[in-house]
Structures are given as structure tokens and as C-alpha cells.
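To start, the structure under review is shown below, and the notes come after it.
Residue numbers begin at 1 in each chain, while the letters A, B, ... track the order of the sequences. When reading the values below, keep in mind they use all heavy atoms of this one structure, side chains included, and skip hydrogens, waters and symmetry mates.
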Amino acid sequence: MSDAAVAEAGEVIVEEEAPKSFTVTLNIRRFDPEVDDEPRWVDYDVEMFPTERILDALHRIKWEQDSTLTFRRSCAHGICGSDAMRINGKNRLACKALVKDFDISKPIYVEAIKGLPLEKDLIVDMEPFFDSFREIQPFLQATSKPEKERHQTVEQRARFDDTTKCILCAACTTSCPVFWTDGQYFGPAAIVNAHRFIFDSRDEASQVRLDILNDREGVWRCRTTFNCTDACPRGIQVTKAIAEVKQAMISGVKL
Amino acid sequence: MAKKIKTNPNAGEIRDGIHYHQHDVVIVGAGGAGMRAAIESAPQASTAVITKLYPTRSHTGAAQGGMAAALANVEEDNNEWHTYDTVKGGDYLVDQDAAEILTREAIDAVLDLENMGLPFNRTPEGKIDQRRFGGHTRDHGKAPVRRACYAADRTGHMILQTLYQNCVKHGVNFFNEFYALDLVMTEVDGVQRVSGVVAYDLSTGDIHVFQGKSVIFATGGFGKIFKTTSNAHTLTGDGVGIIWRKGLPLEDMEFYQFHPTGLAGLGILLTEGARGEGAILRNASGERFMERYAPTIKDLAPRDIVARSMVQEVLDGRGAGPNKDYVFLDCTHLGEDVLENKLPDITEFARTYLGVDPVTEPVPVYPTAHYAMGGIPTNNDAEVLADNDTVVPGLYAAGECACVSVHGANRLGTNSLLDINVFGKRAGNNAVTYAKTAEFIDLPANPAQGVIGMLDELRASDGTENVAAIRKDLQDTMDMNAQVFRTEETLTKATEVIAGLRERYKNVAVHDRGKRFNTDLLEAVELGFLLDLAEVLVACALNRKESRGGHMRDDYPDRDDATYLKHTMAYLAGDPHSSVATDHIRLDWKPVRLGTYEPKARKY
């Protein structure tokens with residue numbers, strides 16, 4: 001739309017050229033557990049338009065070249081969290097990674113997220129990730145029985161807004177070098193979701209969650225490398241959230 | 001610490017290579033309706049939730065703008081006004097007693113969610129904030145009313161997360177990435193009763209049979225029959241298709257909603273909440289054209305009217321862009337603060353996918369296939385109907401896959417997040433009540449035989465037809481011929497094209513012969529459901545020679561209450577694989593339950 005805009009007078013200026021397609025090479029790390037001993041890199045050339053997504057490229061390969069290529073996806077616009085993968089070494093959602101943002105003179109490398117067991121091609125076993133999430137008691141715990149809604153001021157609601165955006169895609173956790181070492185660390189996503197309740201004025205179980213995360217596999221393993229913040233497709237300040245949880249352990253929860 | 005132990009993959013009892021499970025209540029689908037049902041069911045009865053996706057991937061999470069309930073937190077409102085709006089919005093095809101339930105139970109549905117932890121936006125007094133939305137009015141159409149409870153433009157995300165969080169709290173037993181492929185029925189004393197569900201474990205390729213006293217279908221929609229759609233890739237109507245293939249009827253399939261504001265060319269949803277906050281639709285010359293089509297509530301008219309008006313503008317040559325094929329959603333006067341705080345996600349979508357900044361530029365938009373008003377017929381207790389009156393014992397449906405009908409010929413925005421909560425809860429409670437007194441019904445001798453046969457045939461196929469090519473042709477013809485405007489001619493064309501595609505599908509190729517995560521096979525199966533449902537939709541659309549709500553027949557532009565104030569009921573009555581629609585689809589009618597509101601001309 002950059003070339004066509006409604007001018008103030010209400011006239012439309014149209015100077016748009018038809019967008020040109022170009023060939024992009026994707027180098028995809030493939031693994032078929034029923035055939036392969038080790039993953040292998042495979043090249044695919046795909047015709048793409050600049051505004052298309054890496055997910056479009058994967059679909060084009062699957063639908064036109066090799067239907068055995070296997071990956072998860074659903075909503076295709078960054079809301080469902082299915083298609084986190086490692087693209088040129090960075091964790092991204094394939095549906096939010098636009099081709100124009102890559103240097104297409106070189107192949108684009110696509111592989112599964114790291115630190116979770118590889119199942120097939122770009123699919124990993126998500127259960128350990130969800131286990132950590134479930135462990136921090138990710139649900140409101142409040143004993144009061146209000147007649148209508150519990151009240152919360154605009155400021156109280158804003159306090160934990162950032163961490164309510166999490167879509168559990170695992171991009172943060174699987175970008176964390178500490179998580180890669182042994183997978184025992186709760187990981188950023190679990191801490192983000194703990195933060196979402198610890199700083200919710202309606203919740204009464206903050207201390208329980210802080211005790212859980214005070215574990216030796218808890219928040220103290222974070223080395224503040226900021227990979228998680230860079231990886232988050234929702235723009236959550238993940239490292240900051242982890243720091244706030246650390247701070248709450250030392251000096252209590254400040255709402 | 002005892003952490004990260006590989007979870008038990010819910011193996012069940014294995015006989016002849018098939019896994020057998022037994023649960024009082026079996027829920028198919030883990031979006032809003034399925035999880036809302038599970039929260040009622042799991043604490044009271046043994047419950048299994050079978051879901052094709054991890055629950056948090058469900059498309060409830062893509063809903064944006066809000067959930068309607070006449071809380072009257074910010075201005076005068078009541079549920080009678082909400083009922084009136086719902087009935088009028090649905091072009092009087094709504095069953096009015098069902099709409100009364102929807103709007104009455106809306107209040108508790110919202111409060112339930114807040115009490116479960118949902119982070120709604122707040123008023124300065126700390127109450128749940130509310131915003132305007134299309135078709136929701138004060139005092140029977142006098143002016144827009146603030147009725148939609150919301151959390152920024154992430155209301156669906158918050159509902160999905162909150163429901164999942166509460167399922168974790170209740171220890172709900174999920175079977176993630178299990179793809180339900182058949183409903184098992186057993187004849188008892190001449191009555192077809194529900195006995196279970198057959199599912200395919202995507203991670204292993206194994207077949208699982210879930211015996212259940214009651215079964216709830218909460219499987220969502222089928223927007224992928226269209227090319228331009230707000231729906232996820234996974235919304236392929238599997239549940240509705242299973243019901244169809246069992247010979248149970250589908251209701252009002254011709255009524256499909258096109259959401260006015262999809263990102264042009266992409267179909268990605270931009271919430272109606274943007275217009276609720278004051279955004280304006282403009283044509284190429286900058287004119288606020290909705291003033292001509294709906295003089296009173298303008299841009300906040302119901303979706304069917306707005307979508308038609310947009311398409312009409314383009315057809316009349318007033319579209320914008322190099323091909324004059326879209327209009328603009330102008331948010332520039334709302335200010336950065338409103339966009340960043342109340343509409344942050346759609347602001348980002350426009351920036352990411354179109355490179356347009358809504359703060360400074362109008363956003364190109366065009367209608368996008370969004371929501372099925374029709375589906376599996378149920379009564380107000382969410383019990384599935386085998387005909388106009390007869391209940392299938394033990395079978396329930398809720399959410400988009402179901403047709404109660406609270407949406408009639410056109411759903412109002414924010415009524416679907418409401419629907420999944422009200423009728424999901426009803427389905428869960430009623431399924432438990434049923435299971436408490438019912439016995440398990442014996443499974444037939446080989447309950448998975450049909451599914452295994454279908455999968456083996458597909459996996460061994462040496463066909464030459466490409467799944468994606470057939471699907472693309474289907475989506476193209478549906479967009480071209482069965483979208484916002486329809487005629488006898490376009491629908492006949494669609495019928496012919498679909499017939500050809502159904503023939504081609506018999507020769508479809510699956511190249512992945514493996515057992516584990518065989519998404520090639522999955523897409524082939526999904527395509528079968530898409531072809532079935534598109535065929536039914538078009539047959540129903542041809543049969544309704546009037547225009548009502550989301551079904552606009554250009555050759556019959558008026559509503560015809562004398563002939564068509566009734567629901568369509570479609571039955572499979574013949575060879576399910578036949579490509580000739582008329583030889584296996586039987587169409588019938590079901591009366592609309594009218595009430596307080598007499599059908600009137602629909603003006604806004």
C-alpha cells in the first residue's frame with residue numbers, strides 16, 4: 001500500500017507496479033524417524049513474492065514439490081503458536097517471517113527448534129515444554145466468591161498485561177542456551193506465565209509460584225542472554241519479566 | 001527433581017493393534033466450546049478430550065473484538081435488547097427461545113470467565129469495560145450500545161488461554177494431536193445410539209477407539225472451503241463432515257458469514273472492534289459509503305450488510321488500489337494511543353503483512369470467509385438432532401460446528417465467543433447428567449474398520465491427483481461462485497466444478513507412506529471433508545431462492561418470508577462418494593421458533 005494512499009483531498013494516487021517474484025532457496029533440515037538415522041539438509045528452490053512468509057514457502061514446497069515435508073501450522077498469522085522454528089539460526093514463527101526480510105542471495109536455513117526431542121522434520125515433542133508450563137500452576141487462585149466480577153483497576157490490569165500475550169509457541173524457551181544444556185530448566189515461557197499470575201492483583205498464590213521457581217532449575221538459572229526477548233514473536237519483554245520474578249523473590253511482590 | 005519425565009502417551013488397552021479407552025464423556029475438539037464443556041464435565045465424570053491440535057492452537061484464540069453480554073457496566077443495557085439485536089441481526093431465522101437463553105446466560109458466562117482469571121480491560125471503576133460492535137444497539141436499534149466485553153483485540157486469545165489454564169487446574173485429560181475420524185453408533189432397540197469415537201494418533205499413526213456414554217462435538221468451522229478466509233489452515237470441518245457421513249442432518253449450511261474487514265488479498269481478520277472504536281470504511285474517493293447503506297448505525301451495521309456494501313462499491317467501480325478491488329478501513333483519526341492500546345494486534349498485522357501503518361494510512365480491506373452459521377442441528381440443551389425433533393441419545397454439539405440456531409442467517413460480532421461459552425457449558429453439564437444415569441453401549445464388532453479402510457486406501461493409493469491442486473480449485477470456485485453474491489448460474493457452476501473435483505479426489509495421491517506425523521495423509525483426509533461440506537453448502541444455497549442474512553441471491557434479491565422463513569435441513573441419502581450432488585443430498589425444512597419479534601424489514 002505504500003504507493004497508493006488516500007490523499008487528504010480524498011483522491012487516490014495509484015503508482016503501483018505488479019510485484020515481481022524471485023527464486024528463494026530454502027535449506028531445510030529433514031528427519032524421517034522411520035528411515036533416517038540422522039537429520040539431513042535438503043535444498044528446495046521456490047518462487048516467492050517479497051511480502052510472502054516463510055510459511056508460504058514451506059507450503060509451496062509441500063504442496064507442489066514434496067508432500068512428505070512435515071511441519072505444524074494453523075492460524076498463519078502469529079496467534080496460534082504452532083509454527084515456531086529456527087530460521088537462519090533465529091527462532092521465529094514461520095508465519096511472521098517475511099521473505100523480504102532475508103538476504104535471498106543465500107539459502108535460508110530452516111530447522112526445528114532446539115532443546116526438545118526431534119520427532120520428524122520441523123516437528124518436536126512439545127510435552128516437556130507444556131509440563132514446565134503446567135508445573136507453575138498457571139491458573140488464577142483466589143478464594144473470594146464475588147457476586148459479580150472481581151474489581152481491578154486499570155493500573156493493576158496493566159501491571160501484568162505484557163505477559164498475558166504469551167501464545168506458548170516455545171520460541172523463547174528453545175532459544176535459551178541454559179535450556180539447551182539439559183532441558184531441566186523451567187525455561188522462559190513457564191516463568192512468563194508464572195509472572196502473569198504473580199503480578200495479577202486478584203491472585204493469592206504468588207508465594208507458591210515463587211517457591212516453585214526458587215528451585216535450582218528455576219529462575220536463578222537465567223543468565224540474561226536476552227535470546228528469549230529477541231525470539232518472542234509477541235514482543236513480550238521476557239528477560240524483564242524473569243528479572244521481576246527474581247526481584248519478587250528477594251523483596252516480595254510489588255503490584 | 002522428578003521433572004521432565006516423558007508423559008504417558010495415553011495408550012489405553014491395546015487389542016489387535018487398536019487402542020481402546022473408556023470414558024463417561026468424550027469431547028471432540030479443544031477450542032472454546034470443547035474446553036468450556038470439559039471444565040464442567042471433568043470434575044464430575046471421567047472425561048477425555050480428543051483434539052487435532054494442542055488446545056492453545058485452536059482458532060478461538062484468533063477471535064479479537066469481544067464477547068457480548070448486557071452487563072450495563074458503562075451505559076444502560078439489558079438482555080432483552082440483546083435478544084432483539086440477535087434476532088434482527090440473524091434476519092429472523094434465529095430460534096428466538098435459543099437467543100433468549102444466549103443473552104440471558106451471557107451475563108454469567110462473562111462473570112464465569114472473569115472469575116476464572118480472564119484479564120478483561122477495565123473501566124476507571126475497576127469493572128469489566130465494554131465497547132461498541134456491529135448490530136448491537138440500545139433500545140431496539142436506536143443507536144449503537146457498548147455491550148462487548150473485551151481484552152484489547154485479544155479477547156479470543158484470553159478466552160482460550162483462560163479456559164486452557166482452568167483445564168490444567170482441573171487435570172483435564174487431553175489427547176493432543178489425536179484426529180477424530182468417526183463417530184461410532186450402535187443400534188439399540190431400533191434407535192441409533194452413540195457408543196464412541198474413533199481417532200487417529202498423528203504422532204504414531206495408531207488408531208484409538210474411545211468408548212463413551214456421551215460424546216460432545218466441538219470441532220469448529222470449515223472456512224477452508226474458501227480461498228480468502230480468516231480461518232486457520234486446520235479448519236476443515238472434520239466434525240461436521242463426520243456427522244454428515246453418519247447420515248445425520250446438517251442445518252442452514254447455505255448461511256456462511258463473510259467478515260467485512262479482512263486484510264485485502266490475505267483474508268487475515270481485522271476486528272470489527274476497530275469500527276466499534278470509531279474506524280470508518282471508505283471507498284476509493286474517500287467517501288464514507290456506509291452512510292448510504294445503513295444511515296442510522298453506518299459502519300456498525302451487521303456484517304452481512306457491511307460485506308455486501310463493500311462488494312457493491314467494488315462492483316460499481318469505486319474500489320481502491322491498482323485493480324480497484326478493495327476498500328479502506330480508516331483508523332487514522334483514532335490516534336496512536338487507541339490503536340496501540342485497544343487494537344494492538346490488528347495494528348501489527350497491518351504493519352507486518354501489508355506494510356501499512358494504520359496510525360497514518362488507511363488499511364486495504366475486503367470481505368473474508370469467516371463463520372458458518374449453520375452446522376450440526378441441536379436443541380437448546382445442545383443435544384444433536386437426527387431430524388426436526390428427535391434427539392440422538394448421548395450426542396451433543398456446541399460452538400461453530402453446531403446450529404442451535406442462535407445466529408440464524410447472520411451472526412452478530414461477539415455472539416460467537418458468547419455462544420461457545422453458553423452452549424459449551426450447557427453441553428458439558430448435560431453430557432455429564434446423561435452419563436450419570438446411562439450405561440456404556442457396546443461397541444460394534446469392528447468399530448474402527450471404516451476408518452482403517454479409508455486410511456489404508458489413501459496411504460496405499462497410487463493415484464495421480466494432487467491434494468493441494470484439488471483444494472485450490474475448490475477454494476477458487478467457492479470464492480468465485482458461492483461468496484457474498486450468488487445466483488442460480490454461479491451456484492450451478494460451482495456444483496459442476498465440485499462434481500469434477502469429487503471425481504478427481506477418488507484418484508488422489510498420498511506420497512508419505514509413513515506412520516508418524518503423516519500430514520500428507522491428514523491433508524488428504526481433510527480435503528475429503530471440505531469437498532463434502534462445500535457440496536452441501538452449494539446445494540442448500542441453490543435451493544433457497546431468496547436473500548436473507550449472509551445468503552444473498554442476486555437473482556432473488558428479496559427476503560421471502562411466506563416461502564422461506566424456515567431452516568434448511570440437508571441429509572445424506574445415497575452414495576456418499578458420488579460426485580452428483582442431487583443423487584445423494586436430500587433437502588428438507590424445519591420451522592423457525594418465532595417469539596416476541598415479528599419478522600420486519602431489516603433497516604439499520
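- The contact between I123(A) and chain B is made entirely by side chain atoms (from C-beta outward), counting heavy-atom distances below 4.5 Å.
- Contact count against chain A (heavy-atom pairs under 4.5 Å) is highest for L118(B) among L113(B), L118(B), N341(B).
- Heavy atoms closer than 4.5 Å to chain B are found in both the backbone and the side chain of R150(A).
- Of the listed residues (R154(B), H59(B), H511(B)), the one with the most heavy-atom contacts under 4.5 Å to chain A is R154(B).
- N115(B) approaches P146(A) most closely through the heavy-atom pair ND2-CG, 3.6 Å.
- Chain B is approached within less than 4.5 Å, heavy atom to heavy atom, by T70(A), F71(A), R72(A), R73(A), S74(A), C75(A), A76(A), H77(A), G78(A), I79(A), C80(A) from residues 70-80 of chain A, ordered by number.
- The contact between K165(A) and chain B is made by backbone and side chain atoms together, counting heavy-atom distances below 4.5 Å.
- Applying a 4.5 Å heavy-atom cutoff, the residues of residues 137-145 of chain A that approach chain B are P138(A), F139(A), L140(A).
- We find the SG-NE2 distance between C166(A) and H157(B) to be 7.0 Å, quoted to the nearest 0.5 Å.
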>> What verdict does the side-chain contact (heavy atoms from CB on, under 4.5 Å) test give for F130(A) and T56(B), after you've listed the backbone C-alpha separation in whole Å, the side-chain angles of each residue and the deciding distance to 0.1 Å?
In response: CA-CA 11 Å; F130(A) 278 100; T56(B) 57; 4.0 Å; yes
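- Residues T164(A) and Q161(B) form no side-chain contact, since every pair of their non-hydrogen atoms from C-beta on lies 4.5 Å or further apart.
- Checking S67(A) against D520(B) by side-chain atom types alone, a donor-acceptor pair falls below 3.5 Å.
- Only the side chain of D161(A) comes within less than 4.5 Å of a heavy atom of chain B; its backbone N, CA, C and O stay farther away.
- Using modelled atom types, one side-chain atom of N466(B) and one backbone atom of W63(A) make a donor-acceptor pair closer than 3.5 Å.
- Scored by the salt bridge (charged side-chain N to carboxylate O under 4.0 Å, His left out) test, R351(B) finds E340(B), D357(B) as partners (sequence neighbours excluded).
- Checking E149(A) against N73(B) by side-chain atom types alone, a donor-acceptor pair falls below 3.5 Å.
- A donor and an acceptor atom, one from each side chain of K120(A) and S203(B), are nowhere located under 3.5 Å apart.
- Remark: side-chain polar atoms of E34(A) are paired, donor with acceptor, to backbone N or O of R516(B) under 3.5 angstrom.
- Counting heavy atoms from C-beta on, the side chains of T153(A) and E125(B) never come closer than 4.5 Å.
- Looking at heavy atoms from C-beta onward, T352(B) lies in side-chain contact with L98(A) at the 4.5 angstrom threshold.
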> Between K96(A) and E348(B), does a salt bridge (charged side-chain N to carboxylate O under 4.0 Å, His left out) hold up when you go through it step by step?
Replying inline: CA-CA 11 Å; K96(A) 287 191 82 174; E348(B) 196 209 311; 2.4 Å; yes
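- Proximity to chain B among residues 190-198 of chain A is limited to R196(A), F197(A), judged by heavy-atom separations below 4.5 angstrom.
- For L69(A), the part lying under 4.5 angstrom from a heavy atom of chain B is the backbone only.
- For the set L71(B), N231(B), D345(B), L235(B), the entry with the most heavy-atom pairs within less than 4.5 Å of chain A is D345(B).
- Residues F129(A) and Y54(B) form no side-chain contact, since every pair of their non-hydrogen atoms from C-beta on lies 4.5 Å or further apart.
- Summarising the geometry of A151(B) relative to R157(A), their closest heavy-atom pair is CB-NH2, 4.4 Å, with the distance given to 0.1 Å.
- Between R202(A) and E114(B), at least one side-chain nitrogen of the basic residue sits less than 4.0 Å from a carboxylate oxygen of the acidic one, meeting the salt-bridge criterion.
- With a 4.5 Å cut-off on non-hydrogen atoms, K472(B) does not touch chain A at all.
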